2 protein chains.
Amino acid sequence: MAQDRDWKCGDPQQHLKWAEATTDALRVLEGKWKIVIICQLFGAKEPLRFSELERRCEGVNQKMLIQQLKELEKDGVVTRTVYPQVPPKVDYALTEMGKALGPAMAELIDWAYMRRDRLEIKKST
Amino acid sequence: MAQDRDWKCGDPQQHLKWAEATTDALRVLEGKWKIVIICQLFGAKEPLRFSELERRCEGVNQKMLIQQLKELEKDGVVTRTVYPQVPPKVDYALTEMGKALGPAMAELIDWAYMRRDRLEIKKST
DNA sequence: CGCCATACTTACCTTTTGGTGGGTAGCCCA
DNA sequence: TGGGCTACCCACCAAAAGGTAAGTATGGCG
């Protein structure tokens with residue numbers, strides 16, 4: 001369990017393994033639009049169509065959106081479903097693994113807010 | 001509290017704010033060596049000298065190490081202490097904010113391990 | 001004097017990432 | 001015939017990140 005992790009454990013190599021794991025996890029999330037995409041999928045109750053994602057990720061262009069979605073799909077975070085229609089319809093949803101990102105992202109959000117507050121206090125004093 | 005976060009809350013803009021916060025947090029952690037540095041500082045009981053970090057972050061070069069340390073310092077994650085000696089001595093330690101990264105990193109580690117196991121199972125079936 | 005040690009700095013280069021502006025396929029409708 | 005719709009692909013360019021190899025400053029020591 002995450003909350004029981006011992007950063008001062010016996011194995012002197014353990015923090016190297018953890019660094020590797022964390023770097024690995026971040027690699028999946030890196031990219032200017034991935035977090036935005038993931039948060040949009042978290043926020044929506046249903047899968048989102050390509051055009052809908054394009055609309056919701058303000059400022060993204062098609063190439064980037066496709067690229068990031070492809071990487072997220074390859075990394076097992078989202079699924080891509082094609083409907084055999086004309087005009088085409090494709091939608092994207094979080095996988096179980098994508099949904100499992102919730103707690104990690106929640107902790108990152110808490111840290112980011114805490115950090116912002118902390119920095120603001122420093123500035124004002 | 002992170003564990004009570006409601007991804008399906010009322011405010012339809014909330015997930016945009018969360019995306020922003022998470023992106024912000026990741027921005028601080030992005031960079032090929034930052035997580036390695038942070039994990040080394042977590043693992044060590046004491047502040048680490050530049051040369052010690054260089055030794056522990058296998059494969060890093062001086063320029064990159066300095067660059068990443070500078071950014072981490074600017075972002076409030078590590079402190080840099082200079083001792084007026086010859087030859088020079090400088091050491092680096094986690095700030096309170098750096099230490100507060102523990103839970104987020106722990107969740108990321110759990111997710112990475114879970115993901116690795118999941119992908120391995122898929123490969124073998 | 002000349003060399004050592006430490007913690008950097010600098011110039012230069014390669015690789016990766018992000019972005020723009022076009023095009024394509026397939027069917028529908030007028 | 002010639003648009004319009006959707007979800008892409010491609011050629012090309014710019015900026016950022018990462019990396020190499022050299023140099024700098026300081027004072028102690030033989």
Side-chain angles (χ1 to χ4, degrees), chain A residues 19-20 22-41 44 46-75 77-93, chain B residues 19-20 22-41 44 46-75 77-93:
Chain A
E20 207 186 318
T22 314
T23 303
D24 233 54
L26 285 190
R27 227 209 58 250
V28 173
L29 302 179
E30 269 170 31
K32 194 165 172 185
W33 300 101
K34 287 191 190 164
I35 290 293
V36 179
I37 294 169
I38 292 171
C39 280
Q40 289 299 335
L41 291 174
E46 330 149 301
L48 293 178
R49 296 189 60 168
F50 181 81
S51 49
E52 185 56 25
L53 274 171
E54 193 179 357
R55 209 179 52 72
R56 295 196 188 202
C57 302
E58 213 179 330
V60 77
N61 57 48
Q62 292 190 322
K63 183 199 143 194
M64 285 313 296
L65 185 53
I66 284 165
Q67 197 183 99
Q68 308 266 299
L69 283 167
K70 253 188 191 158
E71 288 176 26
L72 287 173
E73 194 195 355
K74 189 166 72 54
D75 288 331
V77 176
V78 308
T79 51
R80 177 173 178 271
T81 311
V82 184
Y83 299 87
Q85 302 181 354
V86 169
K89 175 178 169 183
V90 178
D91 67 24
Y92 297 87
Chain B
E20 207 187 317
T22 314
T23 302
D24 231 54
L26 285 191
R27 226 210 59 250
V28 174
L29 302 179
E30 268 169 32
K32 195 164 170 186
W33 299 101
K34 287 190 189 164
I35 291 292
V36 179
I37 293 169
I38 292 170
C39 280
Q40 290 299 334
L41 291 175
E46 330 148 301
L48 294 177
R49 296 189 60 169
F50 181 81
S51 50
E52 186 57 24
L53 274 172
E54 192 179 357
R55 210 179 52 73
R56 296 197 187 199
C57 302
E58 212 177 331
V60 77
N61 58 48
Q62 292 191 321
K63 182 197 144 195
M64 285 313 296
L65 185 52
I66 283 165
Q67 197 182 97
Q68 309 265 300
L69 283 167
K70 255 187 192 160
E71 288 176 26
L72 287 174
E73 194 195 356
K74 188 168 71 55
D75 288 330
V77 176
V78 308
T79 50
R80 176 172 178 273
T81 310
V82 184
Y83 299 87
Q85 301 181 354
V86 170
K89 175 178 169 183
V90 179
D91 67 25
Y92 297 87

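Small disclaimer: the values here were computed from a predicted structure and weren't measured. Proteins get letters first, then strands, A, B, ... in listed order; numbering begins at 1 in each.
A donor-acceptor contact shorter than 3.5 Å is absent between the side chain of B:Lys70 and the backbone of B:Ile66.
With D:dA7, C:dT9, C:dA7 as the candidates, the nucleotide lying closest to the side chain of B:Lys70 is C:dT9.
Atom CD1 in B:Ile37 sits about 11 Å away from atom P in D:dG18, given to the nearest Å. Distance OH (B:Tyr83) to C1' (C:dA5): 18 Å, rounded to an integer number of Å. Between the C1' atom of C:dA7 and the CD atom of B:Glu73 lies a distance of 14 Å, rounded to the nearest Å. Between the CG atom of A:Leu69 and the C1' atom of D:dA7 there is a distance of 11 Å, given to the nearest Å. Per the geometry, NZ belonging to A:Lys89 stands 13 Å off C1' belonging to D:dA7, to the nearest Å. Here D:dG28 presents its P atom at 12 Å from CD of B:Gln85, a figure rounded to the nearest Å. Nucleotide C:dT6 holds its C1' atom 11 Å from the CD1 atom of B:Ile66, rounded to whole Å.
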Quiz item: Could you write nucleotides 11-29 of chain C as a row of B, S and -, 5' to 3', where a protein heavy atom under 4.0 Å of any base atom gives B, of only sugar-phosphate atoms gives S, and otherwise -?
Solution: B------SBB------B--
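Counting heavy atoms from C-beta outward, A:Thr81 and A:Val90 have side chains that stay 4.5 Å or more apart. Side-chain atoms of A:Trp33 and A:Leu69, non-hydrogen and from C-beta on, never get closer than 4.5 Å to each other.
Residue pairs meeting the side chain to side chain donor-acceptor pair (under 3.5 Å) criterion with at least one member in residues 47-58 of chain B, sequence neighbours excluded: B:Glu52-B:Arg55, B:Glu52-B:Arg56.
The residue B:Tyr92 sits close only to the backbone: its heavy atoms come under 4.0 Å of sugar-phosphate atoms, none of a base.
Listed here is the closest heavy atom pair of B:Gln40 and B:Cys57: CG-SG, 4.3 Å. Taking all atoms of both residues into account, the shortest heavy-atom contact from B:Thr23 to B:Ala19 is OG1-O, 2.6 Å. Nearest heavy-atom pair, A:Lys34 versus A:Val28, reported as atom, atom and distance to 0.1 Å: CD-O, 3.3 Å.
The CG atom of B:Asn61 sits 9.0 Å away from atom CD of B:Gln67, with the distance rounded to the nearest 0.5 Å.
Using a 4.0 Å cut-off between a side-chain N of Lys or Arg and a carboxylate O of Asp or Glu, A:Arg80 and A:Asp91 do not qualify as a salt bridge.
A heavy atom lying under 4.0 Å from DNA chain C marks the following residues of residues 47-56 of chain B, by number: B:Arg49, B:Phe50, B:Ser51.
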